[in-house]
Protein chains: 2
Amino acid sequence: MAAEKGLGLARVAAAAGVTVATVSNTINRPHLVAQSTRERILAVMTELDFVPNRAAATLRKGSARVIGLVVPEIVNPFYAAVTESVAVEAGEQGYALALCVSHDDPAVERRHFEMLAEHRAAGAIVVPLLATAERLTQLRMVGTHLVLIDRVENSHDSCAVVVDDVAGGRLAADHLLGRPDTRALTIVNGALTIPQCADRLAGTLQAVDTHSLVQYETESMSIEDGVAVGRMIAESGSPRDVFCTNDQLAFGVIRGLHEGGLDVPRDARVVGYGDLALATEGDVQITSVAQPKAEMGRAAVGHIISEIADGESHRHTTTVFVPELIVRSSAPAA
Amino acid sequence: MAAEKGLGLARVAAAAGVTVATVSNTINRPHLVAQSTRERILAVMTELDFVPNRAAATLRKGSARVIGLVVPEIVNPFYAAVTESVAVEAGEQGYALALCVSHDDPAVERRHFEMLAEHRAAGAIVVPLLATAERLTQLRMVGTHLVLIDRVENSHDSCAVVVDDVAGGRLAADHLLGRPDTRALTIVNGALTIPQCADRLAGTLQAVDTHSLVQYETESMSIEDGVAVGRMIAESGSPRDVFCTNDQLAFGVIRGLHEGGLDVPRDARVVGYGDLALATEGDVQITSVAQPKAEMGRAAVGHIISEIADGESHRHTTTVFVPELIVRSSAPAA
DNA sequence: ATGAAAGCGCTAACAT
DNA sequence: ATGTTAGCGCTTTCAT
């Protein structure tokens, strides 16, 4: 595997007594080559430690078997899971994965897109924190194939993989409202300018119906924020059936409630969102709305690959995943 | 940034009234080009939306500005942190990062190395779970530049970035033994066949000196394992100064001790290892030995780049990071 | 300071 | 089934 310089199809061809075309065919379209010839060539290739040069193929074909993945960060269990799944799936499909961490900095993001373009990447999967219009326009410049993993506005000019957060919110709320004597809900949310937060709230509103809803909005959706809100809930008359729009909040809220003297699930029920590792690390296992992170990554790679295969006839599609409620002790079944 | 086909140096050159050589120089060695010419060429490049083709450059130069990163998984805060830092650093140095997830499967790993070789990657950073000899031999086949992030045996034929786990173990033990009346320690470890575990124990042994040490060995170093051991410690006469060789264990041990009626840090002190997010997510903030994950990633990229720069004269070096103790409430200062 | 020209290794259309 | 050949777009040496 030494990638020896000067060792190309030509030398393999010479050693095998054929021409480069036949060697190229053994690699890319084996069916066009006679079995015996093929075997001889393969033998020579191993013999010489031949490693095909993808740069040459890319130059010739105009496109590399490379998929770019642009994420705001990896140190975040959700992105880590998506990244891992994209990496695995890309690898299995014979694509290299070019990982780009943007830290949500437009300048960095732009540099990454330029790099992907220079490499003639076959496509890019982007997990934007905020899929603003300007941003997307920029993204589209990369070239042909672009898949977004996120909630995308109606005007999507790309394929996308999204989670139905409205359904997720509804799922959580319905679960909490499932007990006959539950008349009201508390929701602990992040800023409503974040589409996911708005959607989860919308789903909740669908479910509350005639019931009432007390809303808390936190700044950073962190464990700390959750603790603070949990204490407030314990001290106030807020409903003790609490839907937190992420697991960090749920984790914190449970602690805050506890500090306020309330036991979960005896005195209060809590549902989280995301089904992160965190959900099962605390003293009480958290019921949570699970997003199919691995499937999302796989679907994204699938979109790119079929977009490539489709060619001209491609029509953009959006894969919508419906989240699933994982019931644990923080909010047991009714 | 449209990466339009057929648009290369040639067309830019024509439009600017120069030859390809001058355009190439404007990109790669601007100082060789007259200011006025350079500006004109730059203008034409933006005008035409020219995106240089790296595949061509790679083909010509024989090596790509690509660094491979091979990790067993990303869904693991330690690898996630290292990966993120490698990604950022590589990006800043103008390298693309080819991320490979091996799931510790030798076959998959091998495929990844082949891919990196085919792409003529400038180097690879490998975070092997087990740096067995066979494995390393295989790795070395990738080509020229290889950096390991891990504890490496003496016989290292590559650059490496390691953490001094003996020092780390000693750090933890010294801290626990810092209180005048502490005569003995408990260590909760993983399998001693794992070098890191063995080293952390070795460091502990350096510190215990005449004190005595009670050892627990767990199967998977998980939170669950920790809980079980924590209960055992509470019920037994094991020393209540406990060093856990990772944060998961520490997290679990604290819970187990608690279930056994012991308060941390009042009745028992616990030190973890790794300084993961987990360390600060529990009810009690965990004192932990921190590995400089980001610096490690940065150092690894640095090794590759200087190895490239050094050329022939390169001598392999190992960067050893000494971990640092982050004191929190689970084991306050004496 | 700029130009001319020879490939790097591969693919694919065309010919045999 | 296999051979011939023309580039893909770039870097770099050697001239000018």
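Residue numbers start from 1 in every chain, and the chains themselves are labelled A, B, ... in the order their sequence lines are given, proteins ahead of strands.
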Give one of base, sugar-phosphate or nothing for [X], where a contact means two heavy atoms less than 4.0 Å apart.
X        : result
Asn25(A) : nothing
Thr22(A) : sugar-phosphate
Gly62(A) : nothing
Ala21(B) : base
Thr58(B) : nothing
Val33(A) : sugar-phosphate

To the nearest angstrom, how far is [X] atom [atom1] from [N] atom [atom2]?
X         : N       : atom1 : atom2 : result
Glu118(B) : dC10(C) : CD    : C1'   : 13 Å
Arg120(A) : dC10(D) : CZ    : C1'   : 11 Å
Arg54(B)  : dC8(C)  : CZ    : C1'   : 18 Å
Leu48(B)  : dG9(D)  : CG    : P     : 14 Å
Leu9(A)   : dG7(D)  : CG    : P     : 19 Å
Leu32(B)  : dT2(C)  : CG    : P     : 10 Å
Phe50(B)  : dC8(D)  : CZ    : C1'   : 13 Å
Leu59(A)  : dA6(D)  : CG    : P     : 17 Å

Member of Glu109(B), His112(B), Met115(B) meeting the side chain to side chain contact (heavy atoms under 4.5 Å, CB included) criterion with Cys100(B) |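 Exactly one pass, corresponding to His112(B).
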May I ask you to verify if any side-chain N or O of Ser24(A) is less than 4.0 angstrom from the OP1 or OP2 atom of dA12(C)?
-> no
If only atom types and distance count, is the side chain of Ser24(A) paired as donor or acceptor with the main-chain N or O of Val20(A) below 3.5 Å?
->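 No; judged by distance alone, with no hydrogens or angles, the pair does not exist.
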Gln93(A) backbone acceptor or donor facing Arg65(A) side chain under 3.5 Å | yes
Arg29(A) has a side chain; which of dC10(D), dC10(C), dA12(C) sits nearest to it?
->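 My answer, after comparing the listed nucleotides, is dA12(C).
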Tell me which nucleotide among dT4(D), dC10(C), dT2(C) gets nearest to the side chain of Thr37(B).
->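 Per side-chain heavy atoms of Thr37(B), the pick is dT2(C).
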His31(B) or Lys61(B), whichever maps to the more 5' nucleotide of DNA chain C =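 Looking at DNA chain C, the more 5' nearest nucleotide goes with His31(B).
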